[in-house]
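Computed from a predicted structure; not experimentally measured. Because only heavy atoms are used, hydrogens play no part in the values below, and waters and symmetry mates are left out as well, while side chains stay in. Note that ligands are numbered from 1 as they come in the structure, with each ligand's atoms numbered from 1 the same way.
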Amino acid sequence: MEVIFLRVFLKAVPMLLLGFFLFMPNVFAANSVTRLDGVNRYEVAVNVSKQGWSSASTVIVANGKAYADVLSATPFAYRNNAPVLLTEASKLPTATKNRISQLKPSKVIVIGGTVSVQNGVVNEIKKLGVSSVERIGGANRYEVAANIANKLPKNSKAVIANGTAYADSLAIGAYAARNGIPILLTSSNSIPTATKNAMKSKGTTSTIVVGGEVSISSSVYKQLASPTRIGGSNRYEVAANVVKKYYSSAKNAIISNGYAYADGLTGSVLAAKQNRPMMFTNASSLPTPTREVIGSKNMTTFTVLGGTVSLQSNVVSQLKNPIVGKKIFIDAGHGGTDSGAIGNSLYEKSVNLDVAKLINTKLSNGGALPIMARTNDTYLTLAQRVSKAQSNKADLFVSIHANSATPAASGTETYYYTTYESANSKRLATEIQNRLYVALNTTNRGVKIGNFHVIRESKMPSCLVELAFITNINDAAKLKSSIYKEKGAKAIYDGIVAYY
Ligand SMILES: [Zn+2]
């Protein structure tokens, strides 16, 4: 028995090693993702605090089910180097209680009035041996924000965000905190008295307005001192625009669900402490504005907040994938009046489009931002394809073709050219070619230099794939097969991933 087991094991070793080496490039290129999880928001807050603090002389405590109080707390928490922990209104959760005991703060600052955090909770905190428990309250969220602002040192700037929407405040929180700028709140159409008074007493001479015109109307905007708006058509875009404006060289980000505020509230002060921006995601997939920023800034390290309900494992997979946010131009060759090669009752233009669409879906699911030269049977000139890639600021250009010659010619080949990005283009072509002929089980005709318009004129790394020969009966059978088209698309996709 043991001998047999050993034999099987020894036979398996070379396979294991082979597997290791085959997958090694991807493993090494993968981005780093840390998840700060918890069975509920209170535990997530505890785990966020563990990421940033091993001890703290001040801790902030706020209601975990009412975001309004704590929206403007990030600059104040950051200034006091204080993690934010969450409580229920009438009871201090066990996780929070234990964490306060571990951190041993001399001071806890409760944010919110006695409805949000009842005095019973204050007493529970005192029983943990905390010598000073303060409260920053207010009759409403605008007053709470104003009272927090008054605890910050003088600053001629103020952030103005909508007090009934949490996402915009979270997006700007870390930046405001690092720069000592108070976050004041407004309603969309009128500025509350508490906010006006706070700006007066702080001597605000310029304002950063976060959110689009739905969040903060132009009439409110016009009443503010020297306003600059960081807008966007949704919360993802607003957060992305904050990063574009204020984090020119960020390689790290904190990512939270844009519709689950509890995780973000406590993450905002961690983002400030680590000097990372916060961006948002859907539960199941990264939204386009978030991908764009990640890709354009070549971000590689992410902390994601929350469990697998608010942030599913697919989002983590996308963040780990080195193609995340990369703009990859997929050029289905020919189209419309230009059929390309014809043979064995196949039109090249259709084969190219079928495979291009499959690659497009894989790239999009993988977290990239693919751009299709064409999505249907239309004609584009070669120059139009190149200029479309250029105007979309594509990172890569991959052109998909099928070959034709005499019936005897068969196999797969990939071309690159030497005008621009020669070395990278060759590498891209090689990563694709090495996988493609294996997947299609065709003759390996190799990587070649080819003077074709689209790869000669494209300024980004580029290659042109000849899947197989439409004019060869065996190759054509594969180009007709949806199974082989899928295999080919997967190989090209894997080649692109390996390139990064
Ligand atoms: Zn062609």
Problem set entry | N, O or S atom within H334 nearest to the Zn ion (ligand 1), by name | NE2
Problem set entry | Pair K50 + E43: basic N to acidic O under 4.0 Å | no
Problem set entry | Considering only N, O or S atoms of H401, the one closest to the Zn ion (ligand 1) | ND1
Exercise. Would you say K251 has more than 12 foreign heavy atoms packed within less than 6.0 Å of its NZ?
Worked result: yes
Seminar exercise, completed: Tested for salt bridge (charged side-chain N to carboxylate O under 4.0 Å, His left out) against K349, the lone hit among D354, D331, D377 is D377
Exercise. Looking at the rings of Y415 and F452, which for Trp means the six-membered one, are their centres under 6.0 Å apart?
Worked result: yes
Problem set entry | Minimum-distance N/O/S atom that E348 presents toward the Zn ion (ligand 1) | OE2
